[in-house]
Novice: 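Handing you a structure now.
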Amino acid sequence: MKIIDAHNLLKTKPKQINYLIDGLLPSGTTGDIFGPPGEGKSSLTLDLALTVAAGTGTWHGLRCAAGGVVILGGERSNIDAFQRDLHRAGGKRDIDPGSLVLPQSDSGEEALWDWDKRNGLWKQTEWGVAATEYLKASQPALVLLDTTM
């Protein structure tokens, strides 16, 4: 057993937290935007994605990191719907090519994981493996995973 004494912890300054959104979302963590349908969750999320991808430095008055953004899944079933959503979310910001992407599977498969009834466990789909490899290679600042998938 290891005993940690608060007395010793108080003698040193804590490590600085790196934030994606200052004071709201630490880098490397998971956040969630939730609420009733039609309340603007997707628009708010796309606004954040555009802000990070454009590198504007602030999001609704908070300091915000800049970098690549990957959106996986969601309600955007086709490119036309995604384009409309981007424009509605304020897509007039200037972003570099490749800074905000929506990877799509060649097969049309959308699930990243499937339930293996036979073995009673979750198994990553081929699309899930491909998406994971892409994320490892691209190292985006922000990954948005829409839970409707």
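Starting from 1, each residue takes its place in the sequence as its number.
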Novice: Can you name the nearest heavy-atom pair linking Ala66 to Ala141, along with the distance?
Specialist: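 Residues Ala66 and Ala141, closest heavy atoms: O-CB, 4.1 Å.
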
Novice: What's the spacing between Asp114 CG and Leu121 CG if we round to 0.5 Å?
Specialist: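 Asp114 atom CG to Leu121 atom CG measures 11.5 Å (nearest 0.5 Å).
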
Novice: Does Thr58 have any side chain to side chain contact (heavy atoms under 4.5 Å, CB included) partners at least two apart in sequence or in another chain, and if so, which?
Specialist: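 Residues passing side chain to side chain contact (heavy atoms under 4.5 Å, CB included) with Thr58: none at all.
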
Novice: For the pair Thr125 (side chain) and Leu112 (backbone), establish whether a donor and an acceptor sit closer than 3.5 Å, ignoring hydrogens and angles.
Specialist: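 Yes: the side chain of Thr125 pairs with the backbone of Leu112.
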
Novice: Who are the side chain to side chain contact (heavy atoms under 4.5 Å, CB included) partners of Leu135, not counting sequence neighbours?
Specialist: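 Leu135: side chain to side chain contact (heavy atoms under 4.5 Å, CB included) contacts with Val70, Leu72, Pro140, Val143.
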
Novice: Just how far is it from atom NZ of Lys123 to atom CZ of Arg118, taken to the nearest 0.5 Å?
Specialist: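 With rounding to 0.5 Å, NZ (Lys123) is 10.5 Å from CZ (Arg118).
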
Novice: If a pair satisfies side chain to side chain donor-acceptor pair (under 3.5 Å) and one of its residues is in residues 59-69, list it, with sequence neighbours excluded.
Specialist: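 Checked against side chain to side chain donor-acceptor pair (under 3.5 Å) - neighbours excluded - the pairs reaching residues 59-69 are Asp22-Arg63, Asp47-Trp59, Asp47-His60.
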
Novice: List the atom of Leu142, the atom of Ala49, and the distance in Å for their closest heavy-atom pair.
Specialist: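 Closest pair (atom of Leu142, atom of Ala49, distance): CD2-CA, 4.3 Å.
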
Novice: Linking Ile, Leu, Val, Met, Phe, Trp and Tyr by side-chain heavy atoms under 4.5 Å, what else ends up with Phe34?
Specialist: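 Result for Phe34 is none, singleton.
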
Novice: In Å and rounded to the nearest 0.5 Å, what is the CG to CD1 distance from Leu144 to Ile33?
Specialist: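 Answer for the CG-CD1 pair, Leu144 versus Ile33, is 8.0 Å.
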
Novice: Would you say Ser99's side chain and Gly68's backbone share a donor-acceptor pair under 3.5 angstrom?
Specialist: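 Looks like no, no N/O pair under 3.5 Å.
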
Novice: Can you list the residues that meet the ring pair (Phe, Tyr, Trp, His ring centres under 6.0 Å) rule with Trp122, with sequence neighbours excluded?
Specialist: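 Counting only residues at least two positions away or on another chain, Trp122 forms a ring pair (Phe, Tyr, Trp, His ring centres under 6.0 Å) with Trp115.
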
Novice: Less than 4.5 Å apart, any side-chain heavy atom of Val69 and any of Leu50?
Specialist: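 They are not in side-chain contact.
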
Novice: Side chains of Pro14 and Leu9: closer than 4.5 Å at any heavy-atom pair?
Specialist: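 In short, these two side chains do not touch, never coming nearer than 4.5 Å.
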
Novice: Do you know the tightest heavy-atom contact between Pro103 and Ile71?
Specialist: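 Shortest heavy-atom separation between Pro103 and Ile71 comes out as CD-O, 3.4 Å.
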
Novice: Could I get the full list of side chain to side chain donor-acceptor pair (under 3.5 Å) partners for Asp106, not counting sequence neighbours?
Specialist: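 Checked Asp106 against side chain to side chain donor-acceptor pair (under 3.5 Å); zero matches.
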
Novice: With a cutoff of under 4.5 Å between side-chain heavy atoms, which Ile, Leu, Val, Met, Phe, Trp and Tyr residues group with Tyr19?
Specialist: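 Joined to Tyr19, directly or through intermediates: Ile17.
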
Novice: Which residues pass the side chain to side chain contact (heavy atoms under 4.5 Å, CB included) test with Thr29, not counting sequence neighbours?
Specialist: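 For Thr29, the residues satisfying side chain to side chain contact (heavy atoms under 4.5 Å, CB included) (neighbours in sequence not counted) are Leu25, Pro26.
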
Novice: Taking salt bridge (Lys or Arg N to Asp or Glu O under 4.0 Å) as the definition, give me every residue that meets it alongside Arg88, ordered by chain and number, with sequence neighbours left out.
Specialist: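 Scan of Arg88 (salt bridge (Lys or Arg N to Asp or Glu O under 4.0 Å), adjacent residues dropped) gives Asp85.
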
Novice: Kindly say whether Ala6 contributes a backbone atom to a donor-acceptor pair with the side chain of Lys11 at under 3.5 angstrom?
Specialist: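 It does not hold such a pair.
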
Novice: Locate the shortest heavy-atom distance separating His7 from Asp5; write the atom from each residue and the value.
Specialist: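 Scanning both residues completely, I find the closest heavy atoms to be N-OD1, 2.8 Å.
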
Novice: Please name all residues satisfying side chain to side chain donor-acceptor pair (under 3.5 Å) with Asn119, sequence neighbours left out, ordered by chain then number.
Specialist: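 Side chain to side chain donor-acceptor pair (under 3.5 Å) list for Asn119, sorted by chain: Asp116.
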
Novice: May I have all residue pairs that pass side chain to side chain donor-acceptor pair (under 3.5 Å) and include part of residues 130-144, sequence neighbours excluded?
Specialist: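 Listed by first then second residue: Gln124-Thr132.
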
Novice: Residues two or more places apart in sequence or in another chain: which of them pass side chain to side chain contact (heavy atoms under 4.5 Å, CB included) with Ala54?
Specialist: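 Side chain to side chain contact (heavy atoms under 4.5 Å, CB included) check on Ala54 returns Thr56, Arg93, Ile95.
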
Novice: Could you pull out the closest heavy-atom pair between Met1 and Ile3, with the gap in Å?
Specialist: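 So the two residues come closest at SD-CD1, 3.9 Å.
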
